[in-house]
Amino acid sequence: MEVAGLLRATVLDAGCGTGEDALHLAGKGYAVTGPDLSPRAITLARDKAAARGLGAVFEVADALDLTGYEGRFGTVIDSGLAHTFEHDRLRAYAAALHRACRPGAVARQPLDQRPGIRGDAGAARRGHR
């Protein structure tokens, strides 16, 4: 995404886990927020950020809701959360990500991890409503 010029300055790493992707991007100068449902994962991510002197923000949050994140992000990355959801929960997740994006935002989610789906969703842009 970065090479293609698709990363925007503000990045949401949905379901960030212990924060490696978020920390990588923060190290490159992006403002990254990483929500995850696991308090333990967020503690580990915060500890790693502090040890590396990086300013990524890690918060315990439900990716199916993302209340308080509305319209904040120019880029959304998902490296492994969406494939864990089925039907209605996947729709709720997609809606939450949509609300968290600014108009023109770019979202990237690899789909090759989902059973029965091949390839990559690539980058999708959020249009104006």
Give, for atom CG of Leu37 and atom CD1 of Ile42, the distance between the pair rounded to the nearest 0.5 Å. 9.5 Å
Which heavy-atom pair separates Ala26 from Val32 by the least distance, and what is that distance? N-CG2, 3.8 Å
Side chains of Leu64 and Phe85: closer than 4.5 Å at any heavy-atom pair? yes
Heavy-atom side-chain proximity of Leu12 to Leu97 below 4.5 angstrom: yes
Considering all heavy atoms, the nearest Val76-Cys101 contact: CG2-SG, 3.4 Å
Identify every side-chain donor-acceptor pair in residues 49-59 under 3.5 Å, counting partners at least two apart or on other chains, and give the distances.
unit_1, atom_1, unit_2, atom_2, d
Arg52, NH1, Glu20, OE1, 3.3
Arg52, NH2, Glu20, OE2, 2.9
Glu59, OE1, Tyr69, OH, 2.4

Would you please name every residue forming a salt bridge (charged side-chain N to carboxylate O under 4.0 Å, His left out) with Arg89, sequence neighbours left out? none
CG (Asp13) and OH (Tyr30) are apart, to the nearest 0.5 Å, by 14.0 Å
Using a distance-only test with no angle check, is there a side-chain donor-acceptor pair under 3.5 angstrom linking Arg40 and Thr18? no
pair Pro35-Val60: side-chain heavy atoms closer than 4.5 Å: no
Tell me the closest heavy-atom pair linking Tyr93 and Ala82, and the distance in Å. CE2-CB, 3.6 Å
Heavy-atom side-chain contact between Val11 and Ile77 under 4.5 Å: yes
Main chain of Thr75, side chain of Arg102: is a donor-acceptor contact present, judged purely on distance under 3.5 Å? no
Who pairs with Arg72 by salt bridge (charged side-chain N to carboxylate O under 4.0 Å, His left out), at least two apart in sequence or on another chain? none
Would you check if there is a donor-acceptor pair between the side chains of Ser38 and Asp36 at a distance under 3.5 Å? no
Output the distance between atom SG (Cys16) and atom CG (Leu23), rounded to the nearest 0.5 Å. 8.5 Å
